[in-house]
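Working notes for the structure below.
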Amino acid sequence: MTPPVAGPSAIVAGLRCRCPRCGIGPLYAGYLTVAATCRHCGLDLSSHDSGDGPAVFVVLIVGIVVIGAALVVEVLWSPPLWIHLVAWITLATGLALALLPPFKGVLIAIKIKHDAGEGERDR
Ligand SMILES: [Zn+2]
């Protein structure tokens with residue numbers, strides 16, 4: 001069994017979108033495209049895919065925040081419907097775009113730190 005990767009906390013490295021081994025090299029080559037290797041320490045990042053996990057967490061968190069805010073605003077001020085549409089669509093889109101990279105970074109960093117792989121059945 002391979003020992004877990006040493007280095008910075010997986011949560012901190014992931015939230016900063018940095019390599020989980022060195023904490024210095026960028027995790028992404030684009031907005032959400034994982035780099036093939038870390039530019040600083042050479043860790044292979046290409047085989048680590050977080051799948052839909054980050055999107056699920058982000059959708060749940062953004063949904064709670066936006067629905068809660070919309071309910072509070074409606075109860076307090078009852079603005080016209082078009083203000084709700086503009087405000088909450090903008091907030092939901094902005095929050096989702098802002099939260100996806102760090103959430104994906106955390107899941108990838110945790111996976112690398114604990115040497116997690118695809119599920120396998122014991123035979
Ligand atoms: Zn690195």
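Both ligands and their constituent atoms are indexed starting at 1 by order of listing. The first residue in the sequence is number 1, and the count goes up from there.
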Exercise for the section: Tell me whether V62 is reachable from I67 by hopping between hydrophobic residues (I, L, V, M, F, W, Y) whose side-chain heavy atoms are closer than 4.5 Å. Expected result: no
Exercise for the section: Would you name the heavy atoms of R16 and G23 that are closest together and state the gap between them? Expected result: NH1-O, 3.4 Å
Handout entry: Shortest non-hydrogen separation from A109 to A10 and the atoms involved
Key = CB-O, 3.4 Å
Problem - 4.5 Å side-chain heavy-atom contact, L99 and F57 - result: no
Fill in the blank from the handout: A correct count of protein N/O/S atoms found below 2.8 Å of the Zn ion (ligand 1) gives 4
Completion exercise
Paired with L43, the side chain to side chain contact (heavy atoms under 4.5 Å, CB included) test is passed by just one of L27, I112, T37, namely I112
Practice task
Going by the side chain to side chain contact (heavy atoms under 4.5 Å, CB included) test, name the single residue among L91, L97, T90 that passes it with T93.
Solution key: L97
